[in-house]
Q: 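Dumping the structure here so I can ask a few things about it.
The model shown is predicted, which means the values in this text are computed figures rather than measured ones. Chain letters run A, B, ... following the sequence lines, proteins first and then strands; every chain starts at 1.
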4 protein chains.
Amino acid sequence: MLNRIILIGRLTQDPELRYTPSGTPVAHFTLAVDRPRLNQMGERETDFINIVVWQKLGELCAQYLRKGRLAAVEGRLQIRSYENREGQRVRVAEVVADNVRFLDRAGDREGGPSAPPASGSGWPEEARTRSTGMDDPFEGDATRIDISEDDLPF
Amino acid sequence: MLNRIILIGRLTQDPELRYTPSGTPVAHFTLAVDRPRLNQMGERETDFINIVVWQKLGELCAQYLRKGRLAAVEGRLQIRSYENREGQRVRVAEVVADNVRFLDRAGDREGGPSAPPASGSGWPEEARTRSTGMDDPFEGDATRIDISEDDLPF
Amino acid sequence: MLNRIILIGRLTQDPELRYTPSGTPVAHFTLAVDRPRLNQMGERETDFINIVVWQKLGELCAQYLRKGRLAAVEGRLQIRSYENREGQRVRVAEVVADNVRFLDRAGDREGGPSAPPASGSGWPEEARTRSTGMDDPFEGDATRIDISEDDLPF
Amino acid sequence: MLNRIILIGRLTQDPELRYTPSGTPVAHFTLAVDRPRLNQMGERETDFINIVVWQKLGELCAQYLRKGRLAAVEGRLQIRSYENREGQRVRVAEVVADNVRFLDRAGDREGGPSAPPASGSGWPEEARTRSTGMDDPFEGDATRIDISEDDLPF
DNA sequence: TTTT
DNA sequence: TTTT
């Protein structure tokens, strides 16, 4: 009846952008969120939380977020349940985001296969307000992989 | 760095109260939280979210919450990771609650082994404000099962 | 850049439903939200928080919520600033809700000018899922008062 | 019964640190939080939200936060009501924070009377985890102004 | 101005 | 009274 979660953390990898057979974009990434206090051994613990972002906001995440970057994510916690190849019931927790904020410009740790395009310099503070002047900003950047309709949120 | 979730839903079963070897109480229950919209087949979907409540608040949940009751839960999302007997890595999502509100008096669906004690009539609107006049409210009510120290949150 | 608030409390009065000159419905009510702990004098304190709900969700609030009822409100905190007749700058805090849950059926304290229509018995658990079969559910129930365009949220 | 707000925004001024007569530290600052969408005139609007932070967390805010810096604030919305010198009832909204995250290192726009102490170089990512090795970090830095006991949150 |  |  009410389900709201807000996280701030850093991406463990670059976002992965896919498309449903009907062409709906969806981005996946994992956020590393440090726990507020140390555990019994005095170690810092971290929760690695899977994030799913649909539609244009997902494309913006794929375009602007990179491994190591700090982001705020707002959405709802969803428990997806399916059977694996061994017939076991597996439950997957993920946050379906409807709001994502890009919180730093990161240390420009670029390089490697998933670095931002050299021509791309902009790093908008707010993904959502950016809604103009994009023809096909992801061409050549995101990998196009089809995913199952079962992952559709609507 | 920031991790906050707020849920409203109904308990799928009575809470289960256990104690760590050192005597710390911890309650477990599952909250059924309906999704805001119907899926493609026009069905209502529900997320079943595991809740963990430590200390006195956990005891209050065990005392006052029952299957079917409506509750608001506030806390943080934690992903616990462990290896099962087959050596597979299993990830369990659960919400560690630090605030729980009891939101209805429920339809007095009493009866069965885990019904509230006959002498207990009160159903406090707010668990947290209730902090007086309890000697050992759970004696004979809750099952005492030891859990691993690994589950300790501190 | 991110602004999210979630409240649970009781209405101090029935909601007031108005319309902008262009016909947009907007409901106003105040939520009494008890503070989590007593003050220095051992008294319970309460925050009275103004809620604004636009569009169809506002109409549903006007239809189903009444003085004394328990509700969960999710939205964003807005500080409206204007000059009063004495030329003083006044700042008004209000929560613009985009999600409202009706959490009890209340003691059917009906009667008086703003009681629900006698023919209306339903009390939907979730306002948002109710989106069918309403032609003009508030006719004769809500007072039609025009408000300034300045109050428009878009 | 439940009152939770999470904000991300920038400080409009340096925090102001005061002490109650009994020595409790309390920091005040204002967060500028942009609204998610433009208004009818196509202008970006901003809410200026007053934040109050008590105790050690308040001291950390006074030490590390500066005008223009980005912060995440978690707490509860409180409506304080008092009579002004003209005998009018004034209502003040403020967020009492129990968690503050410092989200950027800002462009080291130092200089002026409220710049960080020259000897202080550290900018901890998380205020809360910093709890060691501070004897009196604010001496000579913060202004010591007594405030009324009425502002005490406990 | 205030709710249970 | 306001931040980038």
Q: With sequence neighbours left out, write down each residue that passes side chain to side chain contact (heavy atoms under 4.5 Å, CB included) with C:R85, or none if nothing qualifies.
A: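 With neighbours one apart ignored, the set is empty.
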
Q: Are F:dT2 and D:F48 stacked, with the base six-membered ring and the side-chain ring centres under 5.5 Å apart and planes under 30°?
A: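 Per 5.5 Å and 30° rule: yes, stacked.
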
Q: Taking atom P of F:dT3 as reference, at what distance in whole Å does atom CG of A:L103 sit?
A: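 Result: 21 Å.
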
Q: Sort out for me which residue in C:I51, C:V52, C:I6 forms a side-chain contact (heavy atoms from CB on, under 4.5 Å) with C:V95.
A: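 It is C:I51, the one option of C:I51, C:V52, C:I6 that forms the side-chain contact (heavy atoms from CB on, under 4.5 Å) with C:V95.
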
Q: Which nucleotide in the set E:dT3, E:dT2, F:dT1 lies at the smallest distance from any side-chain heavy atom of C:R89?
A: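 For C:R89, the side-chain atoms sit closest to F:dT1.
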
Q: Tell me: CG of D:L7 to P of F:dT2, nearest whole Å?
A: 20 Å

Q: Under a 3.5 Å threshold, yes or no: a donor from one side chain and an acceptor from the other, between C:S81 and C:R89?
A: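 Side-chain D/A pair, C:S81 to C:R89: present.
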
Q: Quick one: D:R35 CZ to F:dT2 P, roughly how many Å, whole number?
A: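 After rounding, the gap between these two atoms is 15 Å.
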
Q: Which of these nucleotides, E:dT2, F:dT4, F:dT2, is closest to any side-chain atom of D:R91?
A: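 Of the options given, the side chain of D:R91 lies nearest E:dT2.
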
Q: From CG of D:D104 over to P of F:dT3, roughly how many Å is that when rounded to an integer?
A: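 That distance rounds to 16 Å.
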
Q: What is the distance, to the nearest angstrom, from the CZ atom on C:R80 to the C1' atom on F:dT2?
A: 19 Å

Q: Which of these nucleotides, E:dT4, F:dT1, E:dT2, is closest to any side-chain atom of C:D34?
A: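 When the side chain of C:D34 is considered, E:dT4 is the closest of E:dT4, F:dT1, E:dT2.
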
Q: Give a yes or no on whether the backbone of C:R35 and the side-chain of C:R44 come within a donor-acceptor separation of less than 3.5 Å.
A: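 Yes, the answer is positive, given that a donor and an acceptor are paired below the 3.5 Å cut-off.
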
Q: From CZ of C:R44 over to C1' of E:dT4, roughly how many Å is that when rounded to an integer?
A: 10 Å

Q: In whole Å, what is the span from the CZ atom of C:F29 to the C1' atom of E:dT3?
A: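 C:F29 atom CZ is separated from E:dT3 atom C1' by 12 Å.
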
Q: Provide, to the nearest angstrom, the distance between the CZ atom belonging to C:R10 and the C1' atom belonging to E:dT3.
A: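 After rounding, the reported distance stands at 7 Å.
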
Q: Among the nucleotides E:dT2, F:dT3, E:dT3, which one has an atom lying closest to any side-chain atom of D:T46?
A: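 Of the candidates, F:dT3 comes closest.
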
